[in-house]
There are 2 protein chains.
Amino acid sequence: MAKRETSGAETPYHHGALREALLAATEALLDEAGLESFTLRECARRAGVSHGAPAHHFGDARGLLTAFAAQSFEQLEARTSDYMARAEQRPYERLVANGLAYLDHALGNPHRFRLMFRSDRLDHADPDLSRAAAAVFHHFETCMREVLEAAGRPHADLGPCTAHAWSLVHGMATLMLDNGMFACRVGDYEAARAMFLDLMRRSRPLFEG
Amino acid sequence: MAKRETSGAETPYHHGALREALLAATEALLDEAGLESFTLRECARRAGVSHGAPAHHFGDARGLLTAFAAQSFEQLEARTSDYMARAEQRPYERLVANGLAYLDHALGNPHRFRLMFRSDRLDHADPDLSRAAAAVFHHFETCMREVLEAAGRPHADLGPCTAHAWSLVHGMATLMLDNGMFACRVGDYEAARAMFLDLMRRSRPLFEG
DNA sequence: GACGATGACTTGACAGTGTCTAGTTTAACT
DNA sequence: AGTTAAACTAGACACTGTCAAGTCATCGTC
């Protein structure tokens, strides 16, 4: 080959922001066709780079997916903060807002949400990922703690109550995504949200005693 | 090639029970290394046939996985019946037994359980799969109906209560499998069962009013 | 300013995959 | 006995992830 392409400034050798470009391509690929049709090579193609380039930034496919999942957890965390800030500032309403953020994140970005819990494709030893995931959990736990304290319930209930609430919202989200059983198809946000709010209303005495 | 192998009865041309052999090989592969390292060709190898043989019985990889998932749902259904038969014959105890069967199935066969909800690898239009999955759900719903009736609660609560209980146990199972968050590692059955029983005890007033 | 060194990226190869097509073997049915 | 259809083999294709080796650009140092 001569030097590069004949024309001038297109496709410089150094991409400059390949890391971000690859993460963006991953997002596009996931949203379009899901994790199963995600391909490292296609990802490189979209970023306009050769198939071997991603290895330099992420090691292998698992590394790229792990980085993307960490980013997704951070987005969830941000959404959670946002919802809680907009909610009525009472403990239970804040908890509900937290759950709603979780649900909306799942239903709004199904493929991204599935990846976040696909332990077989992720490197759970990765510090970024585990930090981001733990942050989401701790946020949730903090909400629950406020609910229990306001209701004067013993601290010993925190673990079980957190497990209960988180299992509930996580189970709902995954069943809605991967099982048609709730008669609430993907995309039917309103029905899903209504169902969640109803369950949270019913569960209230469980947490507030 | 002469006719076949020189020796006599080994590897007859017609396998005789290839369908079952392939399903068994799938089970072995999943249990050993999970869905991600499952391979149609390796599966054929284990069954002692050529790589193209499975297509005749299952069409493609999705078809084989779908058939296996249907079988797994049937196993779950059988386990549920078993647990319920052994339980104390009171509505709530039967409901708890049902949930426990679900949990044990998930924790005892993590890869199989994950596959059952991997909608991207399954053909949900398959009648066997949808029938087997629906059977599990209806079994669950029937349990809940008995609880509500015994407690004299309105029929309108059936939907929400079923959704609640199923989300709870499904969420617990998946979070235990794909997230280390419950500090209850895979294999720590007793802690998981204890946690589930505790949550079901706490939730009792929610369902019995 | 020349110059190593180092990171960013390309290129080609390799083993492996799922699926397709065409061909071969066997059993079953007239 | 001869035909038909099912069960299975064998080879090809396009594609994948990863690896090794090479090329290109930039940056700090003399």
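Labels below follow one simple rule: chain letters A, B, ... track the order of the sequence lines, proteins then strands, and each chain is numbered from 1.
Side-chain rings of A:Y189 and A:F196 stay apart, their centers remaining 6.0 Å or farther from each other. Taking the six-membered ring for Trp, B:F73 and B:F137 have ring centres at least 6.0 Å apart. A:F117 has its ring centre less than 6.0 Å from the ring centre of A:H170.
Computed from coordinates, the B:L40 CG to D:dT9 P distance equals 13 Å when rounded to whole Å. The nearest whole Å value for the distance from the CG atom in B:L29 to the C1' atom in C:dG16 is 15 Å. Between the CD atom of A:E36 and the P atom of D:dT16 there is a distance of 14 Å, given to the nearest Å. The distance from atom CG of A:L18 to atom C1' of D:dA25 is 14 Å, rounded to the nearest whole Å.
For B:H51 and D:dG11, a side-chain-to-base donor-acceptor distance below 3.5 Å is present, hydrogens and geometry of angles not being considered. One donor-acceptor pair, N or O on each side, does fall under 3.5 Å between the base of C:dG18 and the side chain of B:R41.
Remark: B:D198 engages B:R201 in a salt bridge, criterion side-chain N to carboxylate O under 4.0 Å. A salt bridge between A:E32 and A:R46 is present, with a side-chain N of the basic residue lying under 4.0 Å from a carboxylate O of the acidic one.
For the residue pair A:H105/A:Q75, the side-chain donor-acceptor check at 3.5 Å is not satisfied.
Taken residue by residue, residues 52-71 of chain B places heavy atoms nearer than 4.0 Å to DNA chain C at B:D60, B:A61.
Taking only side-chain nitrogens and oxygens, B:R19 never comes nearer than 4.0 Å to OP1 or OP2 of D:dC8.
Side-chain atoms of A:S50 lie closest to C:dT11 of the nucleotides D:dT9, C:dT11, D:dG17.
Among the protein residues, A:R121 comes within range of no part of the nucleic acid, since none of its heavy atoms lies under 4.0 Å from any strand.
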